[in-house]
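I have placed the structure first, in the form of structure tokens, so that the comments after it can refer back to it.
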2 protein chains.
Amino acid sequence: MDELTPNNVAASPVERFREFLATRSMRLTQERETIISEIFAAHEHFDVDEIVARLTRPGEKRVSRATVYRTVKSLEEAGLIRKVARSNDRDVYEHDYGYPQHDHLICSKCEKLIEFQNEAISEILEKVAMELGFRLSGHRLEGHGICDACARPPSRRHRKLDMI
Amino acid sequence: MDELTPNNVAASPVERFREFLATRSMRLTQERETIISEIFAAHEHFDVDEIVARLTRPGEKRVSRATVYRTVKSLEEAGLIRKVARSNDRDVYEHDYGYPQHDHLICSKCEKLIEFQNEAISEILEKVAMELGFRLSGHRLEGHGICDACARPPSRRHRKLDMI
DNA sequence: ATGGATGCAAAGCGTTTGCATACAG
DNA sequence: CTGTATGCAAACGCTTTGCATCCAT
């Protein structure tokens, strides 16, 4: 469901990327287009390995892992995606284009990322930074703990009384 | 008799670590003691490489890199230190014992970490988490940007009048 | 035509681990 | 003594890179 794209947001991610590439005299190749399409197919968090896996499924145009790494780095520099966390020793990214600033709650059990928005936090941080003479350009806030689902005793049968 | 030590804070980090090790039937070896002493010698951020480097200086008791990694992991599990960021592809830690909750501003230029405390942010996050049914146990907030020093024009040494 | 891009494999790097030896309790 | 811990080096897993080939412009 993305026909509702707000018009304050420029064209497609691909178009936006093309512009960025132009400023660097880089080219919009089929591989890059394939990768960015895959990444923006759904608004979800991802890591390089996932993208490679998706593009390795039969029917998809395969792109080498090296190229995915190189393209992801470019997309990040272009401001289309951004690194949000590190999970399982891998960098995790999310879209940073056409989406409002938000932060995350990360479940320590299922590793799920829950997004939330809160204007107040940004404002406070902005104020704190200013007082310290720090030029704030952005931030990353992760709340750690246990998500609703994981906290709820999973169909709690009789659990073992103890274990050594 | 250091009665100045707040009594809500147990003895020394080493003592605290010894207790932790006991609960796991692990031993407080000379190496572990050397490492923890070095880490708590000053309240500053550090990474494994730095600790290894310090303990490699002549005069210091050398400890293998593998042991430092293993000990740092234990210290983290013991709650004595905690991971605060990732810089230069290395995990960066700080003391998490006897120090109040705080967050950081990270300079994109010099990589410096600036600490700050702000009660309000924690409160807001706590509220947000609760509304989402998330059991918050802690958080990590990094403000990104340019620090005061790096933002200041680099004392132009080629000033016309600066020919002393 | 031609300078940038891709794929492959090898290299890099921080971090982990197997194993023989060396200690703490 | 006995089960842990250490040191060393090899193994690992993610990410980067050199190079020959390929392609967008």
Side-chain angles (χ1 to χ4, degrees), chain A residues 14-15 17-39 45-53 55-56 60-78 81-93 111 164, chain B residues 14-15 17-39 45-56 60-78 81-93 111:
Chain A
V14 177
E15 206 43 56
F17 194 38
R18 185 202 301 283
E19 291 171 23
F20 170 80
L21 293 174
T23 73
R24 292 204 178 188
S25 61
M26 288 170 78
R27 299 161 184 172
L28 180 57
T29 63
Q30 297 191 332
E31 289 80 2
R32 288 181 176 152
E33 208 162 336
T34 297
I35 295 170
I36 194 174
S37 296
E38 191 58 51
I39 288 179
H45 301 91
F46 65 93
D47 60 43
V48 170
D49 203 58
E50 281 171 32
I51 299 303
V52 172
L55 295 180
T56 300
E60 299 289 340
K61 299 168 198 153
R62 198 187 95 78
V63 178
S64 77
R65 178 172 295 270
T67 294
V68 174
Y69 268 108
R70 288 188 274 235
T71 301
V72 162
K73 173 176 273 184
S74 295
L75 286 171
E76 193 182 0
E77 293 170 350
I81 63 177
R82 70 176 168 140
K83 206 175 290 181
V84 283
R86 208 175 154 81
S87 181
N88 296 107
D89 291 312
R90 306 198 199 111
D91 285 325
V92 178
Y93 300 83
E111 294 277 302
I164 274 295
Chain B
V14 177
E15 207 42 57
F17 195 37
R18 185 202 302 285
E19 291 171 23
F20 170 80
L21 292 174
T23 71
R24 293 204 179 186
S25 62
M26 287 170 81
R27 299 159 185 174
L28 181 56
T29 62
Q30 297 190 328
E31 288 80 1
R32 286 179 178 155
E33 208 163 336
T34 298
I35 295 170
I36 193 174
S37 296
E38 190 58 50
I39 287 179
H45 302 91
F46 65 91
D47 60 42
V48 170
D49 203 57
E50 280 171 34
I51 300 303
V52 172
R54 289 196 222 164
L55 296 180
T56 299
E60 299 290 341
K61 299 168 198 152
R62 198 188 95 77
V63 177
S64 77
R65 179 173 295 271
T67 295
V68 174
Y69 268 108
R70 287 188 274 235
T71 301
V72 161
K73 173 176 273 184
S74 295
L75 286 172
E76 193 182 0
E77 292 169 351
I81 62 177
R82 71 177 166 136
K83 205 174 291 181
V84 284
R86 208 175 153 78
S87 181
N88 294 106
D89 292 312
R90 307 198 200 109
D91 286 325
V92 177
Y93 300 83
E111 294 277 302

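Chain identifiers are assigned alphabetically (A, B, ...) following the order of the sequence lines, protein sequences preceding nucleic acid strands; residue numbering begins at 1 within each chain. Since we're looking at a predicted model, the values are computed, not measured. Side chains are part of it too, since the values below use all heavy atoms of this structure and drop only hydrogens, waters and symmetry mates.
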Starting from [atom2] on [N], measure out to [atom1] on [X] and report it in whole angstrom.
{"X": "B:D91", "N": "C:dC13", "atom1": "CG", "atom2": "C1'", "result": "13 Å"}
{"X": "B:R86", "N": "D:dC14", "atom1": "CZ", "atom2": "P", "result": "12 Å"}
{"X": "B:N88", "N": "D:dC14", "atom1": "CG", "atom2": "C1'", "result": "17 Å"}
{"X": "A:R65", "N": "C:dA10", "atom1": "CZ", "atom2": "P", "result": "16 Å"}
{"X": "B:R18", "N": "C:dG25", "atom1": "CZ", "atom2": "C1'", "result": "12 Å"}
{"X": "B:D49", "N": "C:dG14", "atom1": "CG", "atom2": "P", "result": "7 Å"}
{"X": "A:D89", "N": "D:dG13", "atom1": "CG", "atom2": "C1'", "result": "7 Å"}
{"X": "B:E33", "N": "C:dA24", "atom1": "CD", "atom2": "P", "result": "11 Å"}

Give me, pair by pair, the N or O atoms of the protein and of nucleotides 4-6 of chain D that are less than 3.5 Å apart, along with how far apart they are.
| unit_1 | atom_1 | unit_2 | atom_2 | d |
| --- | --- | --- | --- | --- |
| D:dT4 | O4' | B:R27 | NH1 | 3.0 |
| D:dT4 | O4' | B:R27 | NH2 | 3.4 |
| D:dA5 | OP1 | B:R27 | N | 3.3 |
| D:dA5 | OP1 | B:R32 | NH1 | 2.9 |
| D:dA5 | OP1 | B:R32 | NH2 | 3.2 |
| D:dT6 | OP1 | B:T29 | OG1 | 3.0 |

**Q.** Flag if over 12 foreign heavy atoms under 6.0 Å of CD, A:E77
**A.** yes
Report yes if some heavy atom in the side chain of [X] is under 4.5 Å from a heavy atom in the side chain of [Y]; otherwise report no.
{"X": "B:L21", "Y": "B:R18", "answer": "no"}
{"X": "B:I39", "Y": "B:I81", "answer": "yes"}
{"X": "B:R65", "Y": "B:Y69", "answer": "yes"}

Q. Does B:D49 offer a backbone N or O that forms a donor-acceptor pair with the side chain of B:R90 under 3.5 Å?
A. no
Q. So, does A:T71 use its side chain to make a donor-acceptor pair with the main chain of A:V68 at under 3.5 Å?
A. no
Q) For C:dT16, does either OP1 or OP2 sit under 4.0 Å from a side-chain N or O belonging to B:K73? A) yes
Q) Under 4.0 Å: is that the gap between some side-chain N or O of A:Y69 and OP1 or OP2 of D:dT15? A) yes
(Q) Classify A:R62 by what it touches in the nucleic acid, base, sugar-phosphate, or nothing, heavy-atom distance under 4.0 Å. (A) sugar-phosphate
**Q.** A:T67/A:E31 under side chain to side chain donor-acceptor pair (under 3.5 Å): CA gap, chis, key distance, verdict
**A.** CA-CA 8 Å; A:T67 294; A:E31 289 80 2; over 6 Å; no
